[in-house]
Structure formats: structure tokens, C-alpha cells
Asks: 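Structure in C-alpha cells, see below.
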Amino acid sequence: QVQLVESGGGSVQAGEPLTLSCTASGDTFSNYRTAWFRQAPGKEREYVAIISGSGASTFAANSRFIVSRDNAKNSVYLRVNSLKPEDTAVYYCAAVRGAILPPSSRARANPNQYPYWGQGTQVTVSS
């Protein structure tokens, strides 16, 4: 199984970009498709983006989210452009064994599909 650790969160000004990192250990990371979720206070966990094990396929909830990976570094990244105060949340990476992305968007966005989670990193955006 794989262990995940997120980093890169912090306090940023609205309009700025931010890149988060998710570093894996314990298994061959390219065998896992990996997603980013976020959870704001009082809200449900929300899907942000997903990337296949090879990095060749990606989907994102909107165009401000860019997901990438470097399997040589066992890492997946999430760049959020033009940050808004409503982007304030704890951001989590999550993984499931199986490199290929499922065709169903509902399956890709379902947090229950991912057995492995990091501890999260806080992003706070001020206006």
C-alpha cells in the first residue's frame, strides 16, 4: 500500500497561484491513479482533479486546477491559478491502485473510491 504526504499549503493573496505537492512512499506510485480533494469548514469533501498513473490523462473540476505528476519523484502536484477566497480549504491527495482512469466522471469524483489519503494541507486565501 502507499502512504501519502501533502505539502505546500499556506496563506496566500487572492489572485496568486499556489502549487501543492503530494509525495508517496511504500509502493510503485505509477501504479496508482491519484486525485485531489478539498474540504472547507462545514462543507463536504469536494473533488478537485485526478491524474492517471502515467500522467497521460487528467481531469479537473475547472480550468484553474492543473494536476501533474513526476513518478521519478513519487509526487503528484496540484497548481491552483487565480486563487479565490472560496478556495480556502484543506486539500487532500488520495490514491487507488490502478493506473487507468475510470470512464465515469462520477466514479473519478467519488471519495469513497480512494482507500489511501494524506493528512491534508491547509490553504487560506485572503482578499
Side-chain angles (χ1 to χ4, degrees):
Q1 62 182 31
V2 67
Q3 293 81 44
L4 305 173
V5 178
E6 301 94 337
S7 61
S11 297
V12 295
Q13 293 290 318
E16 294 182 351
L18 185 69
T19 298
L20 306 178
S21 300
C22 171
T23 302
S25 61
D27 202 349
T28 303
F29 200 31
S30 59
N31 290 336
Y32 293 77
R33 56 189 182 273
T34 305
W36 286 93
F37 290 81
R38 66 183 183 182
Q39 189 165 20
K43 295 188 176 181
E44 293 188 353
R45 196 161 292 191
E46 176 187 28
Y47 161 79
V48 174
I50 189 172
I51 187 166
S52 64
S54 69
S57 299
T58 64
F59 291 93
N62 71 56
S63 61
R64 294 190 300 114
F65 303 138
I66 300 172
V67 59
S68 61
R69 71 190 299 157
D70 183 345
N71 285 329
K73 296 182 178 180
N74 289 330
S75 294
V76 167
Y77 308 98
L78 177 70
R79 179 179 174 91
V80 185
N81 290 322
S82 302
L83 278 158
K84 304 175 181 180
E86 51 264 43
D87 292 321
T88 295
V90 178
Y91 284 72
Y92 299 90
C93 65
V96 55
R97 190 169 179 85
I100 306 301
L101 299 184
S104 165
S105 60
R106 182 171 295 182
R108 295 193 299 265
N110 183 355
N112 295 325
Q113 296 292 319
Y114 301 87
Y116 306 111
W117 291 79
Q119 83 290 347
T121 186
Q122 174 72 47
V123 174
T124 302
V125 184
S126 56
S127 58

Asks: Which pairs, with at least one residue in residues 55-84 and sequence neighbours excluded, count as a disulfide (SG to SG under 2.5 Å)?
Replies: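 Qualifying pairs: none.
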Asks: Out of D27, N71, V76, which one pairs with Y32 under the side chain to side chain contact (heavy atoms under 4.5 Å, CB included) rule?
Replies: D27
Asks: For a side chain to side chain contact (heavy atoms under 4.5 Å, CB included) check, start with the C-alpha distance between V96 and R33, then their side-chain angles and the critical distance, and finish with the verdict.
Replies: CA-CA 6 Å; V96 55; R33 56 189 182 273; 3.4 Å; yes
Asks: Supply the atom-to-atom distance I51 CD1 to R69 CZ, rounded to the nearest 0.5 angstrom.
Replies: 5.5 Å
Asks: Taking only residues two or more places apart in sequence or in another chain, which ones pass side chain to side chain donor-acceptor pair (under 3.5 Å) with T23?
Replies: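 By the side chain to side chain donor-acceptor pair (under 3.5 Å) rule, T23 matches S75.
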Asks: Which heavy atom of A60 sits nearest a heavy atom of Y47, and at what distance?
Replies: N-OH, 4.0 Å
Asks: By the disulfide (SG to SG under 2.5 Å) test, which pairs, at least two apart or in different chains, include something from residues 98-127?
Replies: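 Applying disulfide (SG to SG under 2.5 Å) to every pair that reaches into residues 98-127, excluding sequence neighbours, yields nothing.
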Asks: Between T28 and S30 (side chain of the first, backbone of the second, donor and acceptor by atom type, cut-off under 3.5 Å), is there such a pair?
Replies: no
Asks: Do V2 and W117 share a hydrophobic cluster, counting only Ile, Leu, Val, Met, Phe, Trp and Tyr and linking them when any side-chain heavy atoms are less than 4.5 Å apart?
Replies: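 Hydrophobic grouping puts V2 apart from W117.
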Asks: Applying salt bridge (Lys or Arg N to Asp or Glu O under 4.0 Å), can you list everything that pairs with D70, at least two apart in sequence or on another chain?
Replies: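 Result, salt bridge (Lys or Arg N to Asp or Glu O under 4.0 Å) vs D70: none returned.
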Asks: Does any non-hydrogen side-chain atom of I50 lie less than 4.5 Å from one of L101?
Replies: yes
Asks: Spell out, yes or no, whether W36 and F29 are grouped together once hydrophobic residues are joined by side-chain heavy atoms under 4.5 Å, including indirect joins.
Replies: yes
Asks: What are the two closest heavy atoms between P85 and S127, and how far apart are they?
Replies: CG-CB, 3.9 Å
Asks: Got a second to check how far T58's OG1 is from I66's CD1, nearest 0.5 Å?
Replies: 9.0 Å
Asks: Applying side chain to side chain contact (heavy atoms under 4.5 Å, CB included) to V123 and T88, what does each step give before you reach the verdict?
Replies: CA-CA 5 Å; V123 174; T88 295; 5.9 Å; no
Asks: Under the side chain to side chain contact (heavy atoms under 4.5 Å, CB included) rule, what do E86 and V125 come out as? Steps first, then yes or no, please.
Replies: CA-CA 8 Å; E86 51 264 43; V125 184; over 6 Å; no
Asks: Looking at every heavy atom in both G120 and V90, which two are closest together, and how far apart are they?
Replies: CA-CG1, 3.8 Å
Asks: Taking only residues two or more places apart in sequence, or in another chain, which ones meet N81 in a side chain to side chain donor-acceptor pair (under 3.5 Å)?
Replies: R79
Asks: Please name all residues satisfying salt bridge (Lys or Arg N to Asp or Glu O under 4.0 Å) with E16, sequence neighbours left out, ordered by chain then number.
Replies: none
Asks: Applying the side chain to side chain contact (heavy atoms under 4.5 Å, CB included) test to E6, which of L20, T121, L78 qualifies?
Replies: T121
Asks: Going by disulfide (SG to SG under 2.5 Å), name the pairs with one or both residues in residues 38-72, residues two or more places apart or in two chains.
Replies: none
Asks: Apply side-chain hydrogen bond (donor to acceptor under 3.5 Å, both in side chains) to residues Q13 and S126 and explain how you reach the verdict.
Replies: CA-CA 5 Å; Q13 293 290 318; S126 56; 3.2 Å; yes
Asks: Does R64 have any salt bridge (Lys or Arg N to Asp or Glu O under 4.0 Å) partners at least two apart in sequence or in another chain, and if so, which?
Replies: D87
Asks: Please answer: with hydrophobic residues joined when any side-chain heavy atoms are less than 4.5 Å apart, are F65 and L83 in the same cluster?
Replies: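 Yes, F65 and L83 fall within the same hydrophobic cluster.
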Asks: Quick one: side chain to side chain contact (heavy atoms under 4.5 Å, CB included) partners of S105, sequence neighbours excluded?
Replies: R108
Asks: Any disulfide (SG to SG under 2.5 Å) involving residues 37-96? Give me the pairs, sequence neighbours left out, ordered by first then second residue.
Replies: C22-C93
Asks: Within the supplied structure, the quantity of interest is the number of heavy atoms (other residues, nucleotides, ligands) at a distance under 6.0 Å from E44 CD; does it exceed 12?
Replies: no
Asks: For residues 73-114, which residue pairs pass the ring pair (Phe, Tyr, Trp, His ring centres under 6.0 Å) check, not counting sequence neighbours?
Replies: F37-Y114
Asks: If Ile, Leu, Val, Met, Phe, Trp and Tyr residues are connected whenever their side-chain heavy atoms lie under 4.5 Å apart, and connections chain through other members, are V12 and V48 in the same group?
Replies: yes
Asks: According to ring pair (Phe, Tyr, Trp, His ring centres under 6.0 Å), does anything in residues 5-26 pair up with another residue at least two apart or in another chain? List the pairs.
Replies: none
Asks: Measure the spacing between OG of S57 and CD1 of I100 and express it to the nearest 0.5 Å.
Replies: 7.0 Å
